[in-house]
Amino acid sequence: MSIVVTGATGALGRLVVADLLTRVPADRIVAVVRDAAKAAGLAEQGVELRVADYDDPASLARAFREGDRVLLISGNEIGRRVAQHTAVIKAAVAAGVAQLAYTGILGGPEADFELAAEHRVTEQAILDSGLPYTFLRNGWYHENYTRDLASHLERGALVGSAGEGRVASAARADYAAAAAVVLTGDGHLNRAYELSGDSAWTLAEYAAELSAQAGREVAYAELPAEEHQAVLVGAGLPEGFAAVFVDVDAAIRRGRLGSTGGDLSRLIGRPTTPVAAAIADALSAA
């Protein structure tokens with residue numbers, strides 16, 4: 001039985017494999033990748049590589065073995081993910097895997113915003129497949145904001161339309177650790193975990209924390225949704241993606257990404273990474 005991580009060279013996948021390497025021997029880990037050259041570092045550590053693509057069902061048929069524990073990391077191509085995920089699910093069924101863990105979104109079937117739609121469909125497809133499953137419903141990542149830290153500092157502003165809504169974010173490494181736990185431990189089959197940070201913050205509070213740590217003023221500018229979308233498009237984001245991000249801010253305003261239920265810290269056995277620590281790390285790397 002192997003532990004198989006799809007999308008293993010992505011930002012989350014690499015962290016999952018790195019965490020797994022601290023828990024199990026390398027020869028028990030399989031990295032499913034589109035380009036073996038990009039995963040050379042994993043192979044050097046003793047991780048088995050299997051080349052497959054979410055868009056190539058024939059390749060996926062070779063990606064899994066009977067009894068494997070598989071982590072399906074959701075694709076990042078909005079609008080194409082249902083077909084891609086369905087192909088993975090079918091391949092997992094055909095192989096007879098022992099577990100299919102899936103990285104969905106906080107709230108699962110109750111998540112009522114556009115970005116969640118493909119996750120809801122994927123979860124239902126997994127349920128319909130009859131496979132033993134684990135749903136890892138990931139909340140927002142700190143990195144969704146800290147990746148734009150340089151531009152926030154340059155402009156002296158963080159724009160949004162989330163109002164006083166709160167974000168219970170955690171570090172990507174926290175979510176990766178949770179995935180590693182459910183792939184290597186027992187008692188996680190046919191369960192759904194609502195994963196989020198231990199504390200929640202508003203965008204205004206985030207801007208204030210960034211200002212304090214950076215030693216320069218960064219204000220939160222609350223905009224109407226239409227103006228927020230126009231700003232994002234003006235910054236070069238395609239219209240469709242801009243609409244998705246504005247819709248996420250509306251979800252934050254409704255409280256959909258502010259839940260602090262504690263599943264994540266309980267799974268990983270420690271407190272989640274505070275957003276202040278993530279800001280500090282991003283500033284030190286800038």
Side-chain angles (χ1 to χ4, degrees), residues 11-12 74-79 81 103-121 137-172 174-175 194-212 214 217-261 264 272-276 278-279 282:
L12 179 61
S74 59
N76 57 14
E77 297 176 272
I78 298 172
R81 295 189 289 184
T103 61
I105 201 162
L106 189 66
E110 304 303 318
D112 59 356
F113 47 102
E114 185 176 350
L115 191 63
E118 291 173 305
H119 293 298
R120 294 196 304 268
V121 174
R137 294 172 176 163
N138 289 353
W140 230 222
Y141 298 170
H142 295 329
E143 290 86 349
N144 292 345
Y145 295 98
T146 58
R147 68 188 176 195
D148 296 325
L149 181 144
S151 62
H152 296 155
L153 290 172
E154 181 181 354
R155 295 195 308 266
L158 165 65
V159 302
S161 51
E164 293 298 312
R166 306 189 77 81
V167 181
S169 62
R172 185 177 279 113
D174 294 338
Y175 295 107
E194 301 289 345
L195 305 180
S196 59
D198 293 334
S199 60
W201 44 268
T202 67
L203 291 179
E205 290 169 348
Y206 175 88
E209 179 65 29
L210 176 55
S211 298
E217 181 66 23
V218 177
Y220 172 58
E222 172 72 16
L223 301 176
E226 296 80 5
E227 291 183 28
H228 183 198
Q229 183 164 335
V231 167
L232 294 176
V233 172
L237 205 63
E239 188 84 31
F241 286 104
V244 168
F245 285 114
V246 172
D247 185 60
V248 166
D249 267 20
I252 292 172
R253 195 167 58 244
R254 297 195 304 275
R256 292 304 191 185
L257 290 170
S259 171
T260 54
L264 181 52
T272 60
T273 305
V275 70
I279 291 172

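Bear in mind the structure is a predicted one, so any value in this text is a computation, not a measurement.
Shortest non-hydrogen contact noted between Gly261 and Ser196 is N-OG, 4.0 Å. The nearest pair of heavy atoms linking Ser259 to Ala168 is O-CB, 3.2 Å. Closest of all the heavy-atom pairs between Leu106 and Leu195 is CD1-O, 3.6 Å. Between Ala162 and Leu203, the closest heavy-atom pair is CB-CD1, 3.8 Å. Residues His152 and Leu210 come closest through the heavy atom pair CB-CD2, 4.1 Å. Shown here for Ile78 and Phe241, the closest heavy-atom pair between the two residues is CD1-CE2, 3.9 Å.
Judged by distance alone, with hydrogens and angles left aside, the side-chain atoms of Asp174 form a donor-acceptor pair with the main-chain N or O of Thr273 at under 3.5 Å. Between the side chain of Ser169 and the backbone N or O of Trp140, no donor-acceptor pair lies under 3.5 Å. Side-chain atoms of Glu217 do not come within 3.5 Å of backbone N or O of Ser211 as any donor-acceptor pair. A donor-acceptor pair under 3.5 Å is absent between the side-chain atoms of Glu227 and the main chain of Pro224, judged by distance alone. Using modelled atom types, one side-chain atom of Arg120 and one backbone atom of Ala111 make a donor-acceptor pair closer than 3.5 Å. Under a 3.5 Å cut-off, the side chain of Arg81 and the backbone N or O of His119 do not form any donor-acceptor pair. A donor-acceptor pair is defined here as one N or O able to donate and one able to accept, closer than 3.5 Å; such a pair exists between the side chain of Thr103 and the backbone of Ser74. Of the possible polar contacts, none joining the Glu194 side chain to the Arg137 backbone as a donor-acceptor pair under 3.5 Å is found. Judged purely by atom type and a 3.5 angstrom limit, Glu209 has no side-chain atom pairing as donor or acceptor with the backbone of Val275.
Enclosure of atom CD in Glu164 is not indicated, since only 12 or fewer non-hydrogen atoms of other residues, nucleotides or ligands lie within 6.0 angstrom.
Between Tyr145 and Trp201, the ring-plane angle classifies as perpendicular under the 30° and 60° cut-offs. Note on ring orientation: taking the six-membered ring where Trp is involved, the planes of Tyr175 and Tyr141 are tilted (angle from 30° to 60°).
Atom CG in Asp249 sits 9.5 Å away from atom CG in Leu257 (nearest 0.5 Å). Here the straight-line distance linking atom CD of Glu222 with atom OG1 of Thr202 works out to 10.0 Å at 0.5 Å rounding.
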Decide side-chain contact (heavy atoms from CB on, under 4.5 Å) for Val218 and Leu153; before the verdict, give the C-alpha distance in whole Å, the side-chain angles of both, and the deciding distance to 0.1 Å.
CA-CA 6 Å; Val218 177; Leu153 290 172; 3.7 Å; yes

Please step through side-chain contact (heavy atoms from CB on, under 4.5 Å) for the pair Phe113 and Ile105, ending with a clear verdict.
CA-CA 10 Å; Phe113 47 102; Ile105 201 162; 3.6 Å; yes

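With contacts defined as side-chain heavy-atom distances shorter than 4.5 Å, the pair Thr260/Arg166 does not qualify.
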